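First up is the structure itself, then whatever we jot down about it.
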There are 2 protein chains.
Amino acid sequence: MLEAAIGKMRGGGYKATPQRTAVLRALAEEQHQSLEEIRARCPGVGLVTVYRTLDLLSELGIVRRLDLGDGARYEMAKDHHHHAICESCGDISEFEKCPLDPTLLPLEASDFEVRSHSLEVYGRCAACR
Amino acid sequence: MLEAAIGKMRGGGYKATPQRTAVLRALAEEQHQSLEEIRARCPGVGLVTVYRTLDLLSELGIVRRLDLGDGARYEMAKDHHHHAICESCGDISEFEKCPLDPTLLPLEASDFEVRSHSLEVYGRCAACR
DNA sequence: CTGTAACTGAAAAAAGTTTTCAATTGGCGG
DNA sequence: CCGCCAATTGAAAACTTTTTTCAGTTACAG
Ligand SMILES: [Mn+2]
Ligand SMILES: [Mn+2]
Ligand SMILES: [Zn+2]
Ligand SMILES: [Zn+2]
């Protein structure tokens with residue numbers, strides 16, 4: 001898990017420092033954390049280093065940055081998935097089954113080459129109903 | 001167009017000031033503008049007033065705020081639609097046909113009540129290919 | 001017209017992010 | 001192992017974006 005990420009860093013010519021490993025461990029503990037949440041999980045690491053590490057991990061494809069309106073959040077990059085966001089409690093859950101119907105994409109015809117997509121579903125989670 | 005928005009403001013107990021109308025006119029000129037782009041179209045209006053007007057118009061449902069990763073953008077609220085974003089030139093185009101297959105939404109079964117969704121498609125526009 | 005609650009905008013504060021730079025260190029070459 | 005040095009770190013400062021404050025102004029109901 002972390003070994004793979006550390007290997008990818010070394011392979012890219014980057015050092016595997018204790019700070020970077022600490023940030024990785026923090027990210028592994030929970031998905032969709034804000035910068036401050038990540039920082040709380042690795043108190044020894046300086047603010048600037050957390051920012052820089054998240055940038056580096058994003059470039060390496062290890063981390064994905066989410067912009068869901070209320071500030072940036074970060075997650076370990078996993079398989080293609082989407083998010084269900086509760087408008088009441090803010091909880092973010094994931095689902096893998098992609099409800100996009102490719103045949104309905106009206107863009108292929110219009111010269112726009114689709115590379116990826118991002119879908120978020122908003123509503124009320126079970127607990128908040 | 002603007003009349004409807006002004007009426008909605010008055011109806012909500014808000015004043016239709018020249019500043020607010022100027023921001024509305026700026027928004028009507030182009031979709032998906034950043035704050036500074038909007039501000040450039042109504043030079044007489046103070047920065048703080050633009051922020052406050054966009055907040056107000058959002059609450060009234062006249063304006064929609066988009067968070068697409070590179071800072072906030074604003075558009076006049078229209079019918080349900082989605083965005084195709086060119087990763088090369090940054091151009092944002094719209095499409096109305098919603099490619100979501102409701103029967104594939106795996107959430108209805110899982111006690112999550114879906115209220116709305118947001119879908120963005122990333123790739124290359126015709127001009128950039 | 002007039003009174004007043006709503007509104008505006010300059011300045012200051014707060015929040016979030018990036019840059020700078022001197023000191024430190026991971027890891028390769030010897 | 002050791003020592004070197006480019007890569008890395010973190011405190012401070014700078015910058016960017018957004019919010020708060022507050023004194024003066026204004027839209028508009030009555
Ligand atoms: Mn996720
Ligand atoms: Mn749009
Ligand atoms: Zn999908
Ligand atoms: Zn849709």
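Just so we're clear, the structure is a prediction, and the values are computed from it rather than from any experiment. Here is how names work: the chains are called A, B, and so on, in the same order as the sequence lines, proteins then strands, and each is numbered from 1.
Of the N and O atoms on the side chains of B/E94 and B/H81, at least one donor lies less than 3.5 Å from an acceptor on the other residue. In this model, no donor atom of one side chain and acceptor atom of the other lie less than 3.5 Å apart for A/Q19 and A/T21.
Within the helix from C/dC1-D/dG30 to C/dG30-D/dC1, the inter-axis angle between the opening and closing five-pair segments is 40°, rounded to 10°.
Between the CZ atom of B/R65 and the P atom of D/dT17 there is a distance of 13 Å, rounded to whole Å. A/L56 has its CG atom 13 Å from the P atom of D/dA7, to the nearest Å. The separation between A/D70 atom CG and D/dT17 atom P is 19 Å, rounded to whole Å. What separates CG of B/L47 from P of D/dT19 is a distance of 10 Å, to the nearest Å.
Considering only residues two or more places apart in sequence or on other chains, B/E37 meets the side-chain contact (heavy atoms from CB on, under 4.5 Å) condition with B/Q33, B/S34, B/R73. Residues forming a ring-ring contact (aromatic ring centres under 6.0 Å, His included) with A/H117 (at least two apart in sequence, or on another chain): A/H80, A/H82. For B/H32, the ring-ring contact (aromatic ring centres under 6.0 Å, His included) criterion is met by B/H83, not counting sequence neighbours.
Residues A/C125 and A/C89 are in side-chain contact: their nearest non-hydrogen atoms beyond the backbone lie under 4.5 Å apart. Under the 4.5 Å side-chain criterion, counting only non-hydrogen atoms from C-beta, A/L24 is in contact with A/I62. Side-chain contact between B/L54 and B/R65 is absent, with no heavy atoms from C-beta onward closer than 4.5 Å.
Judged by distance alone, with hydrogens and angles left aside, the side-chain atoms of A/R20 form a donor-acceptor pair with the main-chain N or O of A/K15 at under 3.5 Å. A donor-acceptor contact shorter than 3.5 Å links the side chain of B/R129 to the backbone of A/D111.
Between the CG atom of B/D79 and the SG atom of B/C98 there is a distance of 12.5 Å, given to the nearest 0.5 Å.
Both A/T53 and B/E36 lie near DNA chain D, and the one whose nearest nucleotide falls closer to the 5' end is A/T53.
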Fill in the blank from the handout: Contact string for nucleotides 23-30 of chain D, one letter per nucleotide 5' to 3', B = base within protein heavy-atom range under 4.0 Å, S = sugar-phosphate only, - = neither, reads ---BBS--

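Scanning DNA chain C 5' to 3' for nucleotides with an atom closer than 4.0 angstrom to a non-hydrogen atom of chain A gives a first and last hit of C/dG16 to C/dG27.
Minimum atom distance to the side chain of B/V48 is reached by D/dT20, of the listed D/dT9, D/dT17, D/dT20.
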